[in-house]
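First the structure, in the form of structure tokens, and then the observations on it.
These figures come from a predicted structure and were not determined experimentally.
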Amino acid sequence: MGAERAADQAVGVVAAEAARELDRAVVVAGDEVSDPLRAALTEALGRPVTRGPASADAPVIRVGARRPAFTEGGERVVWFHSVNAGVDALLKGGADQRAWPADVLLTRTVGRMGDRMAQYVLGWALSECQRVPDFLAAHDRADWSRRDTELAAGQLALVYGAGRIGSRVAHYLRGAGIRVVEAGRATVPDADALLPDARWVVDVLPLTSATRGFFGPRRLDAMRGATFLNIGRGATVDLAALEAALSSGAVRSAVLDVLPDEPATPDHPVWHLPRTTVPSHTSGPTTDEDVVTDLLSCWRTLRTGQTPALAVPTGRGY
């Protein structure tokens, strides 16, 4: 926990340094940022958002999805705002695979993603209880037959990942009467002990060295007919172990919104996993409004001398 505390303190220092550069900074949008979004950012910030590159003399605030080059003699980036929520690809990327520079503030866009992803999970859970997939298949066969349904209320869901998004997922599930246990860093053992009792297991984990392959044989085989939903990061799941657990019945069914490698090609083995749906990374879309709202919120917070809630403690890995 000492390293995590140090990472949290470090982000406060780098945020203060970025705040001192706000008035002089040039705001630059990456090529992946659409023209309508760039225009909306310009209006919201009340200053030009250019395409760049900026001169090496001016401090630069970058907005985009791709990691800046951070080359010697290039732009002096003091703050990068990601238009996405996930930052694992940014923290260690590029040709040299170097870690994120310690003197560059990193913030991210979350927007209404928590509500969207929570609605997504709840929708799948209730759909399963009402046997919606079975009735749709029966309709296509012109098969009039009754099927037993089940109440979601009172059943147990384990939500691994107790951050902003995981907390919203838990809130929505509780609204349907589902019992929820949230598993954060300190409470994973408690949640693991409940895996045999769970009806749903929801993966909302970030990707770090500690969570890569987190759902492997031990956890997946401990389930007794739970439905597994991954809306976190694809590489937190061992797909071979998931296939074995699906085949044995330990896992009733799976919804894999995210995969280790995307997009999945037509010959990807994930399409052949039994009782599995791959909805093509649709659980938490980010809108232009989300980007504008969150960047403006971070900007205003820096103006007050505080650290934005969406600042990433890069030393922690997420």
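Residue Thr236 comes nearest to Pro206 through the heavy atom pair CG2-O, 3.7 Å, listed as atom of the first residue, atom of the second, then distance. What you find for Ala254 and Leu246 is that their closest heavy atoms are N-CD2, 4.2 Å. For Arg147 against Phe135, the heavy-atom pair with the smallest separation is CB-CZ, 3.8 Å. Between Leu90 and Arg67, the shortest heavy-atom distance links the atoms O-NH1, 2.7 Å. For the residue pair Val63 and Val33, the shortest heavy atom distance occurs at O-CG2, 3.5 Å.
By the side-chain contact (heavy atoms from CB on, under 4.5 Å) test, Ala16 is found to be paired with Arg20, residues two or more places apart in sequence or in another chain being considered.
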Pairs of donor and acceptor atoms involving the side chains of residues 152-163, under 3.5 Å and at least two apart or interchain, shall be tabulated with distances.
from, atom 1, to, atom 2, distance (Å)
Gln155, NE2, Glu150, OE1, 2.8
Gln155, NE2, Leu151, O, 2.7
Tyr160, OH, Asp192, N, 3.4
Tyr160, OH, Asp192, OD1, 2.7

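Taking a cutoff of 4.0 Å between a charged side-chain nitrogen and a carboxylate oxygen, Glu21 and Arg76 qualify as a salt bridge. With salt bridges taken as basic N to acidic carboxylate O contacts below 4.0 Å, one links Asp115 and Arg168.
For Ser82 and Asn84, the side-chain atoms include no donor-acceptor pair closer than 3.5 Å.
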side-chain contact (heavy atoms from CB on, under 4.5 Å) evaluation trace for Arg252 with Arg199 = CA-CA 9 Å; Arg252 177 188 308 223; Arg199 176 62 179 82; 3.2 Å; yes
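Under the side chain to side chain contact (heavy atoms under 4.5 Å, CB included) test applied with Leu256, the options Thr277, Asp203, Leu239 reduce to a single match, Leu239.
The salt bridge (Lys or Arg N to Asp or Glu O under 4.0 Å) contacts involving residues 43-55 comprise Asp35-Arg51, where partners must be two or more places apart or lie in separate chains.
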